[in-house]
Structure formats: structure tokens, C-alpha cells
Amino acid sequence: MEQVDRVIATRLDTGVPLVSEVSRYIISAGGKRLRPALLLLMSGALGCTDAQRFNLAAVVEFIHTATLLHDDVVDESTLRRGRATANESFGNPASVLVGDFLYSRAFQMMLDADNMRVMQILAEATNVIAEGEVLQLMNMHDATLDEAAYLRVIRSKTAKLFEASTRLAAVLAGSTPAVEEACATYGQALGTAFQVIDDVLDYAGDANETGKNLGDDLREGKTTLPLILAMQRAEPADSALIRCAIEAGDTSQLAAIVAIVQRTGALDATRAAAAAEAQRAIDALRGLPANSYSQGLLQLAAQLLERRT
């Protein structure tokens, strides 16, 4: 990860001061660097020592950071990782344009791998992520959203870059198609579980730990799994209260909605859905070599369910 951080620092060097300032602001905000770590862990599990793994780990972090910059503008978010978002600090135009810079810099860096398969994976991932963002926008304030439509969004918007990170490691390692698919499945399942738990934390987390405002999803009109399940299980009046809050983006009844979500068992059911995805990730690792890296990947999937930030 220190090697990755060195690549990031070098590649953020630009003659435009505002670009460097905004980029460094968000990248240094204390993020988990989970996607780069996944790429490195999977590389280690497969015995890959190709130096390009550091470059590609930085690429996926740049793509992720670009999506954060654009997300926070679209969602009008003011807090991320416990401090003001870039759009809150520097304004929307700077955030959008620096996000564009990070995307374009990532594509420049992809060329260093001199591998068409790498380009294909990252180009497809970036496209699918953008589609997921648009799908989410279309679904805003739609209280009729079902679980299948919800999963389609998070598998595009969040899980796709996890999947690309682990698939890239397999490509660098020269793995067989079967191993590559197993690695990709691990990444997709882990990314899905990660986002499902994130949606739980919007109704069961501590703002001091999560680093974001509780109820943000509801304010933005996002119909996430805890709300979908709560509306299915609640009494008609309670379901109507949640539905109206989603449609209006109204958090004035947040305490009452949290109580409904808890009372109906929707949070436990959502955690169970995340646990199923985590188990799917664990199962995907069965054919990989047994070493400290693959053990780390197993532990990561198991510990994800205890996530609080």
C-alpha cells in the first residue's frame, strides 16, 4: 500500500494547482483504500509479483475517487469520512472537473500496463459504474423499487469496481479463465455485501463512526434494502409513512422510520442478505492457493459483517 500511495502522489502531480489541491483533499481524507488492497491481496494470493499491480491499484483508487467527487455533487452531500465534502469546500464546478481529471489520468495510467485485457476490464467497469449512477438517479424518490432493482444498482455502482479490482489481479497473474471468474465473483459478492452493510449503517450507525450524516439516504430519496423490507413487513400506516418520506425526501420523521425499520426486523434481514453475499465471496475462494493473502481475503469477507464505518 505504501507503493500504491507513492504512485498516487506521483500521478497527482500536475501544473494546475486547484486540480492537485482538490485531488489531494479527497484522497487524503482517510479512506479505506479497500479496492487497491483487494487488488494487492488477490495478486498475492495468486503469486503475482508484476510491478503493474501497484499502478493498477492506484488506477482503481482514482476511478473510485472520481465517482465520489461526482456522487457528492449529484447527492448534494456535505459530509464524507467525517469532514466536509470536496463540493462543500471547493464548490460543484471544481469537484466535477477534478473528477474528470482523475478519470482521464486513470486511463492514461492504464496504458502503462500495455495489456488490452486490462483496458477492456477497466473500460467496461467505468461504463457500468456510470450506468449504475444513472439508474440510481432514475430511481430517486421511487418508493415502489423492489429488491431486484436495488441489487442491480449496487452491483453496477459499487460492486463493479470491486469485481474489476480482483479480476485485474487474475489477469496480471496469467490465471485460467475459471480462476479469473472465481476472483471476479469474490470481488462482486464482497462489493455487494459492503454496500448492503453501508445501507444498514444509514439507519443503525453512529454519525461519529460512519463519518456521514445519518438519514442521508432518505433525504436523497434512496429506496435502500432496509426501507424496502420494512415497507413489505410493516402495517399499512407505517408503510405509507416510509413511502411518503422517500417520495418527498423528508427526514422530519426519521426517528419514527428508524423505529419501524427496527421493529419489523428489516435491519436483521438486510444484515442476513449481506451475510449471504459475504458467504458467496468466501465460497469463491475455495479453488485459490492457500496462503496468507488468501487467508486475508477470507478474513476480510468475514469481518465485513462487523463493519461500523
Side-chain angles (χ1 to χ4, degrees), residues 1 4-37 57-109 122 125-127 129-137 140 153-154 156-158 160-162 164-165 191 194-195 198-199 201-202 205-222 249 251 309:
M1 292 304 292
V4 174
D5 284 343
R6 280 195 281 273
V7 173
I8 288 172
T10 301
R11 293 296 191 148
L12 283 182
D13 192 22
T14 170
V16 182
L18 183 60
V19 170
S20 296
E21 187 178 3
V22 177
S23 300
R24 293 182 195 284
Y25 178 84
I26 187 167
I27 285 177
S28 66
K32 289 171 275 295
R33 296 278 204 281
L34 188 51
R35 294 148 193 85
V59 166
V60 296
E61 185 67 7
F62 278 10
I63 292 173
H64 172 56
T65 303
T67 66
L68 296 186
L69 284 164
H70 289 167
D71 268 3
D72 287 342
V73 171
V74 171
D75 296 340
E76 299 179 358
S77 299
T78 59
L79 190 68
R80 180 179 288 279
R81 297 168 181 164
R83 67 174 183 173
T85 54
N87 51 298
E88 181 77 2
S89 298
F90 301 97
N92 287 343
S95 290
V96 170
L97 294 173
V98 172
D100 292 344
F101 163 80
L102 289 172
Y103 271 130
S104 59
R105 180 51 56 90
F107 273 85
Q108 279 183 327
M109 294 164 66
L122 287 166
T126 307
N127 190 253
I129 292 165
E131 288 179 344
E133 296 282 2
V134 176
L135 273 175
Q136 181 172 270
L137 185 65
M140 290 293 198
V153 169
I154 66 173
S156 299
K157 183 176 176 289
T158 302
K160 190 63 182 180
L161 196 54
F162 281 75
S165 299
F194 180 88
Q195 184 59 53
D198 193 72
D199 293 338
L201 293 176
D202 204 56
D206 181 326
N208 293 322
E209 292 184 345
T210 62
K212 67 175 186 177
N213 298 310
L214 297 188
D216 269 355
D217 286 350
L218 184 61
R219 178 181 61 79
E220 293 159 13
K222 292 179 181 175
T251 57
T309 63

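With values rounded to the nearest 0.5 angstrom, Met140 atom CE is found 11.5 Å from Leu135 atom CG. In this structure, the separation between CD1 on Ile129 and OG1 on Thr67 is 6.5 Å, given to the nearest 0.5 Å.
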Could you pull out every donor-acceptor pair under 3.5 Å between side chains of residues 84-93 and any protein atom, sequence neighbours left out?
from	atom 1	to	atom 2	distance (Å)
Thr85	OG1	Ser77	O	2.9
Thr85	OG1	Asn87	OD1	2.9
Thr85	OG1	Glu88	N	3.3
Asn87	ND2	Asp72	O	3.4
Asn87	ND2	Ser77	O	3.0
Ser89	OG	Tyr25	OH	3.3
Ser89	OG	Thr85	O	3.3

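With sequence neighbours left out, Asp5 forms a side chain to side chain contact (heavy atoms under 4.5 Å, CB included) with Ile8, Arg33. Residues passing the side chain to side chain contact (heavy atoms under 4.5 Å, CB included) test with Ala125, sequence neighbours excluded: Lys160, Ala164. Among residues two or more places apart in sequence or in another chain, the side-chain hydrogen bond (donor to acceptor under 3.5 Å, both in side chains) test is passed with Thr158 by Gln195. Among residues two or more places apart in sequence or in another chain, the salt bridge (Lys or Arg N to Asp or Glu O under 4.0 Å) test is passed with Arg35 by none. Here Glu220 pairs with Lys222 under the salt bridge (Lys or Arg N to Asp or Glu O under 4.0 Å) rule; sequence neighbours left out. In this structure, the side chain to side chain contact (heavy atoms under 4.5 Å, CB included) partners of Val16, at least two apart in sequence or on a different chain, are Thr14, Val19.
The closest side-chain heavy-atom distance from Val22 to Leu69 is below 4.5 Å. Looking at heavy atoms from C-beta onward, Ile154 lies out of side-chain contact with Gln136 at the 4.5 angstrom threshold. You'll find the side chain of Val60 reaches within 4.5 Å of the side chain of Leu161, heavy atoms only. In this structure the side chain of Phe107 reaches within 4.5 angstrom of the side chain of Thr126, judged on heavy atoms.
For residues 94-105, the pairs satisfying side chain to side chain donor-acceptor pair (under 3.5 Å) are His70-Asp100, Arg105-Gln108, with sequence neighbours left out.
Heavy atoms only, all atoms of each residue included: Ser23 and Leu102 are closest at OG-CD2, 4.0 Å. Considering every non-hydrogen atom in both Ala9 and Arg24, the closest pair reads O-NH2, 3.7 Å. Looking at every heavy atom in both residues, Ala57 comes nearest to Val4 through CB-CG2, 3.6 Å. Here the closest heavy-atom approach between residue Phe62 and residue Arg11 is recorded as CE2-CB, 3.8 Å. The two residues Ile27 and Leu12 come nearest to each other via the heavy atoms CD1-CD1, 3.8 Å. Closest approach of Val59 to Ala106, counting heavy atoms only: CG2-O, 3.9 Å.
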Glu133/Asp71 under side-chain contact (heavy atoms from CB on, under 4.5 Å): CA gap, chis, key distance, verdict: CA-CA 8 Å; Glu133 296 282 2; Asp71 268 3; 2.6 Å; yes

